[in-house]
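Have a look at the structure below, then the notes.
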Amino acid sequence: MTDKLKEIILEHIKKYPEAELQDILKMLYQNEFGPKHFAENEIECFKSLSNEINNINYDESEELFEDIGEGALRLNLKAIPVGTDLNYINKIIVNSSNDFCGTNEKLVVKFGLLVVMAQNNEIPFDIQKVRDETNAFAKNGFKPISHSEVYKERYSPSYRVISKKYRELVEAVIALRNVDFTKNHIVISIDGNSASGKSTLAENLANLLNAETVHCDDFFLPQEMRSEERLNEVGGNIHYERLKEEVIDKLRKPTVISYKAYNCQSGDFKNKFLMNKKVIIIEGAYSSHPYFENYADFKIFLKVDEETQRERILKRNGEEMLKRFTNEWIPKENKYFNEFKIEEKADIIIRSV
């Protein structure tokens, strides 16, 4: 924690050279507690958010996120386009507060790091000043503080702190501003690389939109269909015929959908039921297969770099399965992406980090 936090402090000072000590203390407070002081009351949180965002100008050149460590991001309100549903952004802020279990004791340790850095002349603040201001912060009950007037005037900060795990969700919500939600049914597909976070994004998006989710893993190719010809077929690694017949062809109908989910470990099928809500999410590799034609109202493609992908698969599936992903499934997916230009046809490409 110490080395990473030190790096973040130094990067912050480099990025904001006119920041005063209280601005660094504020960043450390947010690093420890996230948005808790903002998100205690969802209604008041929304009022504050909507009032602030309606009084600033959208600037597409601004970065959307700033990493402040410990799984915390500053979400730049100036980088949120007009038309984005602020109710969803507000919900993300409120939900983020549950991811931070900060304590005053741990914040004191972080303040101690500042003292050491001042002692080593690594930061442009006098050691006595650091001691005095951190002690004053503690004596005041560790209450949240504002940015310095210099910082406000120079950098015009306008942001909210969110959990890093909602980064891709925020990008998706912003992109969805272009979807006509007055329609009776909205279908969203989420395709992309293995271990790019498709299932996680689908779950978070479903919770936010009160949507139902269908997983392409439930339509993995059964053993009896794994002929050499089928396995060599581009995009043939999924039982796309059944997914289309049992689910996709019924998505626009106001009825409960019943389908069979295949378990590739046991080889068994399990009945599943899909309450045909207004929003349906189809997630997983091959969810944009051209066999389905243009069934989705909005197509998301999730990307992840090879190193991160490998680390995630190793952590999630272990060494042996990593070899199978590397030698079999990932090459098949990449061939499918390239052959059918899946990424190019997406409405938004989100890079998972």
Side-chain angles (χ1 to χ4, degrees), residues 1-39 48-49 51-53 55-80 93 96-97 100 102-164 167 170 353:
M1 182 273 287
T2 301
D3 290 341
K4 180 61 177 176
L5 183 58
K6 181 178 177 180
E7 180 183 332
I8 288 170
I9 292 171
L10 293 174
E11 287 179 356
H12 203 74
I13 292 172
K14 182 179 180 180
K15 186 174 182 179
Y16 305 103
E18 295 182 42
E20 297 190 353
L21 181 56
Q22 76 181 71
D23 302 304
I24 306 303
L25 298 182
K26 181 178 180 68
M27 188 267 289
L28 291 178
Y29 180 90
Q30 294 169 338
N31 170 283
E32 179 64 25
F33 291 100
K36 284 193 178 294
H37 67 290
F38 251 114
S48 172
L49 174 67
N51 180 66
E52 185 169 348
I53 210 166
N55 285 284
I56 57 175
N57 294 320
Y58 166 65
D59 187 345
E60 64 179 4
S61 68
E62 294 263 357
E63 293 183 0
L64 185 58
F65 303 106
E66 180 180 20
D67 193 335
I68 58 172
E70 296 284 2
L73 298 175
R74 284 178 173 174
L75 171 61
N76 185 0
L77 301 187
K78 287 181 282 187
I80 297 178
I93 296 168
S96 291
S97 67
F100 294 88
T103 66
N104 295 339
E105 291 75 18
K106 287 192 288 185
L107 184 57
V108 168
V109 173
K110 293 174 181 180
F111 286 171
L113 175 61
L114 270 187
V115 174
V116 173
M117 292 177 72
Q119 187 175 25
N120 295 334
N121 296 315
E122 295 175 291
I123 55 177
F125 306 112
D126 178 75
I127 185 171
Q128 192 57 51
K129 180 178 177 64
V130 174
R131 285 173 173 157
D132 289 344
E133 290 202 25
T134 54
N135 287 336
F137 199 123
K139 287 180 180 178
N140 196 38
F142 297 95
K143 295 178 181 178
I145 57 175
S146 300
H147 278 294
S148 67
E149 293 304 316
V150 171
Y151 191 98
K152 291 177 184 177
E153 182 177 348
R154 178 65 180 84
Y155 305 114
S156 303
S158 184
Y159 61 82
R160 293 294 185 273
V161 178
I162 64 168
S163 172
K164 188 176 182 179
R167 182 185 184 117
V170 169
V353 296

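All of these numbers come straight from a predicted model, not from anything done at the bench.
Residues Glu11 and Lys15 are not paired through a salt bridge, judged by the lack of any N-O separation under 4.0 Å between the basic side chain and the carboxylate. Looking at Glu149 and Lys152, a side-chain N of the basic residue comes within less than 4.0 Å of a carboxylate O on the acidic one, giving a salt bridge.
Ala118 and Val130 get closest at one heavy-atom pair: CB-CG2, 3.9 Å. The minimum heavy-atom distance between Ser146 and Lys26, with the atom names listed, is C-CD, 4.0 Å. Of all heavy-atom pairs spanning Asn55 and Asn51, the tightest one is ND2-O, 2.5 Å. For Asp23 against Glu20, the heavy-atom pair with the smallest separation is OD2-N, 2.7 Å.
Taking the six-membered ring where tryptophan is involved, the planes of His147 and Tyr159 are perpendicular, since the angle between them exceeds 60° and thus also 30°.
Here the CZ atom belonging to Phe100 is positioned 9.5 Å from the CD atom belonging to Glu32, to the nearest 0.5 angstrom. Here the CD1-NE2 distance, from Ile24 to His12, works out to 5.0 Å after rounding to the nearest 0.5 Å. In this structure, the separation between CD1 on Ile127 and CG on Asp132 is 10.5 Å, given to the nearest 0.5 Å. Distance check: Leu21 CG to Asp126 CG gives 10.0 Å after rounding to the nearest 0.5 Å. The line from CD of Gln22 to CZ of Phe125 is 10.0 Å long, rounded to the nearest 0.5 Å. One distance of note links CZ of Arg154 with CD of Glu18; it measures 5.0 Å at 0.5 Å rounding.
Between Phe33 and the options Leu107, Val161, Leu28, a side chain to side chain contact (heavy atoms under 4.5 Å, CB included) holds for only Leu107. Checking each of Ile162, Leu73, Leu75 against Arg167 for a side chain to side chain contact (heavy atoms under 4.5 Å, CB included) leaves exactly one that passes, namely Leu73. Exactly one residue among Glu122, Lys4, Met117 makes a side chain to side chain contact (heavy atoms under 4.5 Å, CB included) with Ile9. That residue is Met117.
A donor-acceptor contact shorter than 3.5 Å links the side chain of Ser96 to the backbone of Ser163. Of the possible donor and acceptor atoms, one in the side chain of Lys36 sits under 3.5 Å from a partner among the backbone N and O of Ser97. Between the side chain of Asn140 and the backbone N or O of Phe142, no donor-acceptor pair lies under 3.5 Å.
For residues 56-76, no pair satisfies ring-ring contact (aromatic ring centres under 6.0 Å, His included), with sequence neighbours left out.
In this structure, the side chains of Val115 and Arg131 come closer than 4.5 Å at one or more pairs of heavy atoms. The side-chain heavy atoms of Leu77 and Arg160, taken from C-beta on, include a pair separated by under 4.5 Å. Using a 4.5 Å cut-off on side-chain heavy atoms (C-beta onward), Glu7 and Asp3 make no contact. Within the 4.5 Å cutoff, the side chain of Val108 has no heavy atoms near those of the Thr103 side chain. Considering only heavy atoms from C-beta on, Arg74 stays 4.5 Å or farther from Pro157 through its side chain.
Legend: residues meeting ring-ring contact (aromatic ring centres under 6.0 Å, His included) with Phe137, ordered by chain and number and at least two apart, are Phe111.
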List the steps, then state whether salt bridge (Lys or Arg N to Asp or Glu O under 4.0 Å) holds for Glu70 with Lys110. CA-CA 12 Å; Glu70 296 284 2; Lys110 293 174 181 180; 3.6 Å; yes
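In Asp59, the CG atom is crowded: over 12 heavy atoms of neighbouring residues, nucleotides or ligands sit closer than 6.0 Å.
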